[in-house]
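Contents: one structure, followed by commentary.
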Amino acid sequence: MTRRPTYPTLTLRLAWAEATLLLKEEERRTALLDLFRRLPIRKVTLDLTKATEPDESGLPELRSFFNHAGLVAAACISVPLPDPESSSDGLCYTRPGLQRAMEREIQRAAAFDEIWVEGLNLSGCTCESCRKEKGRRSWSDFRRSSLLSFAKGHLIEPARRTHPGITLTLLLPGDHESLKANSYPIAPLSQSFHRMLVGRTSLTSIEAAGTHGNGLPWPGSPFFFRWLLEIAGRKAAGGEIILPQGRPEAFGASGHASDAPRNKAPAESLLMPSPAEQAVAWTLAGATELCLRSSGDLLSSPSLPALEAQIHWLPEIQKVARRTPLRGIAAYCPPNADPHDDAYLFEALSRWGFPLRPTPRFPSSSRVAFFTRHAGSDRDLPEKLAEFIKEGIACITPSLRDTLHADGPALPEGERLRIWPDALPPGSGEPRLSMEAIPSYRDFLLDPLGVRFIGPTGVTLHLFGPRDVALQNFNDSPATLRLEIPGKLLRIIASSDESLEAGTELVNGGVTLGAHHWLHLST
């Protein structure tokens with residue numbers, strides 16, 4: 001008997017208005033069921049608190065429709081915004097009206113076996129009720145405490161009373177830099193919820209922080225997800241894939257807007273990787289669930305054919321990425337870390353061919369590490385870093401260097417420590433350094449790992465265990481690469497580029513990888 005490959009679970013997230021059309025239009029139901037089979041989609045999550053109040057009479061029929069199709073049906077509720085009359089500049093978790101409203105929402109959604117909770121952000125409220133409950137605590141401590149209390153008392157406990165066996169999934173806000181900077185209680189929430197997914201990132205917030213040269217903004221961060229795995233373990237499930245909308249002729253065969261004439265491509269699509277690229281990147285980060293989210297008519301999304309063409313490769317990638325320990329350059333990011341000038345630099349480094357290994361703990365046992373301003377939240381960092389560079393290799397950003405110098409003596413820059421160049425001010429939207437300088441810093445950090453990589457920016461490099469390597473080319477043109485691991489011969493295991501056949505040995509470690517393609521190698 002042939003064993004079916006294990007795909008990452010594909011979840012389709014439907015707005016309530018779109019889902020109710022399925023009850024009325026047979027042609028649409030047929031088309032959607034065909035899409036479920038082709039991709040294949042295993043779960044549907046219905047947004048119950050988007051737009052108008054859903055008619056509960058349609059819920060049983062929709063659940064029956066999805067279950068009959070062999071799908072898991074889940075509900076998604078969103079924590080609502082405060083009343084216009086409120087003095088809050090964010091959510092007010094002490095407000096009885098919000099507490100009662102969320103209990104009603106969660107109890108209604110508990111008719112499903114799984115509930116996703118979205119919008120559970122830290123509150124910036126300073127109303128009289130909040131000031132009274134805050135007492136002598138700092139605002140930061142109070143806000144973490146009030147969020148956790150609200151989640152437990154008005155979301156988790158009501159759901160379990162209504163449906164004891166329910167699965168509760170937290171859809172984390174995708175703007176992870178803001179989460180960490182504001183001390184979002186990720187670890188305690190991971191203990192309270194059964195599963196965690198990474199939602200979309202506001203492209204506006206990323207653009208405001210600068211994109212660090214050609215480090216393209218992401219609708220969500222695979223780097224953040226890999227970091228989340230270190231905290232939440234198996235509870236970290238995956239992330240959202242944004243399906244762009246637009247005219248089919250504006251997209252090329254890969255489903256990427258850059259394959260078509262620039263004057264035809266939807267502007268928002270130029271800012272992010274294609275859905276097929278997102279699926280591969282999330283899976284390389286260790287995701288076991290991918291949530292497809294469309295801002296318009298799902299069935300008319302021009303990127304679906306390209307996603308369908310790539311989906312059969314995901315089991316091969318998942319087999320390595322989820323089961324094999326990640327190795328590479330340790331990227332230290334404590335749980336409550338403010339990035340300051342270094343926001344989204346880790347994402348940019350990944351796009352520049354630096355194989356990062358995110359960690360929320362100081363990498364004392366690592367041979368090589370990259371330290372950004374995030375690490376400055378560790379009060380013991382000066383002593384730890386001084387000890388680290390006695391045996392290991394490190395690179396630190398100017399922002400972190402300035403912070404460390406302000407608090408103590410300068411670290412000895414030399415053979416074991418380099419300062420990352422910073423040519424232009426943050427947020428300028430221009431490269432933070434000369435692109436010609438990248439190979440030198442990449443060689444410096446890869447040497448302790450016994451790896452040499454030569455290639456353009458816009459290519460990610462992933463090292464899994466002692467044998468496996470993965471490359472993903474986000475460029476609009478083929479990338480000529482050279483990967484050397486002394487004493488080992490590299491062989492192609494799988495590739496989305498049809499010109500690179502499985503079993504082929506790389507001659508002198510050189511290969512040309514097609515635009516928007518990926519490659520899995522083994523020694």
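When a residue number appears, it is its place in the shown sequence, counting from 1.
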Original post:
Parallel, tilted or perpendicular: which describes the rings of Phe464 and His462, with under 30° parallel and over 60° perpendicular?
Top reply: parallel
Original post:
Hey, does the Lys NZ or Arg CZ of Arg144 hover above the aromatic six-ring of Tyr184, less than 6.0 Å from the centre and inside 45° of the axis?
Top reply: no
Original post:
Are any side-chain N or O atoms of Asp34 and backbone N or O atoms of Thr30, one a donor and one an acceptor, separated by less than 3.5 Å?
Top reply: no
Subject >> Ser190 (side chain) donor-acceptor with Ala187 (main chain) under 3.5 angstrom >> reply: yes
Subject >> Pairs flagged by salt bridge (charged side-chain N to carboxylate O under 4.0 Å, His left out) wherever residues 152-171 is involved - sequence neighbours left out >> reply: none
Subject >> Residues Glu316 and Arg322 bridged, charged N to O under 4.0 Å >> reply: no
Original post:
Do Arg351's NZ or CZ and the ring of Phe474 fall within the cation-pi criteria of under 6.0 Å and 45°?
Top reply: yes
Original post:
So, does Ser350 use its side chain to make a donor-acceptor pair with the main chain of Thr460 at under 3.5 Å?
Top reply: no
**OP:** State whether Arg100 and Glu105 are salt-bridged, where the test is any N-O pair (Lys NZ or Arg NE/NH1/NH2 against Asp/Glu carboxylate O) under 4.0 Å.
**Re:** no
Original post:
Applying the side chain to side chain contact (heavy atoms under 4.5 Å, CB included) test to Thr283, which of Val320, Thr288, Ile317 qualifies?
Top reply: Ile317
Original post:
Is the backbone N or O of Tyr93 less than 3.5 Å from a side-chain atom of Gln99, with the two atoms forming a donor-acceptor pair by type?
Top reply: yes
Original post:
Which of parallel (below 30°), tilted (30 to 60°) and perpendicular (above 60°) describes Phe223 and His176?
Top reply: tilted
Original post:
What is the minimum heavy-atom distance between Ala285 and Leu229, and which atoms define it?
Top reply: O-CD1, 3.6 Å
Original post:
Should Asp338 and Lys180 be marked as a salt bridge (Lys or Arg N to Asp or Glu O under 4.0 Å) after you check the CA-CA gap, both sets of side-chain angles, and the distance that decides it?
Top reply: CA-CA 6 Å; Asp338 191 334; Lys180 294 192 289 288; over 6 Å; no
Subject >> Qualifying residues under salt bridge (charged side-chain N to carboxylate O under 4.0 Å, His left out), relative to Glu18, sequence neighbours excluded >> reply: Arg28
Original post:
So which of Ser399, Pro360, Pro339 actually passes side chain to side chain contact (heavy atoms under 4.5 Å, CB included) with His374?
Top reply: Pro339
Original post:
Between Trp227 and Cys333, is there a donor-acceptor pair closer than 3.5 Å when you use the side chain of the first and the backbone of the second?
Top reply: yes
Original post:
Does Phe371 have its ring centroid less than 6.0 Å away from the ring centroid of Phe362?
Top reply: yes
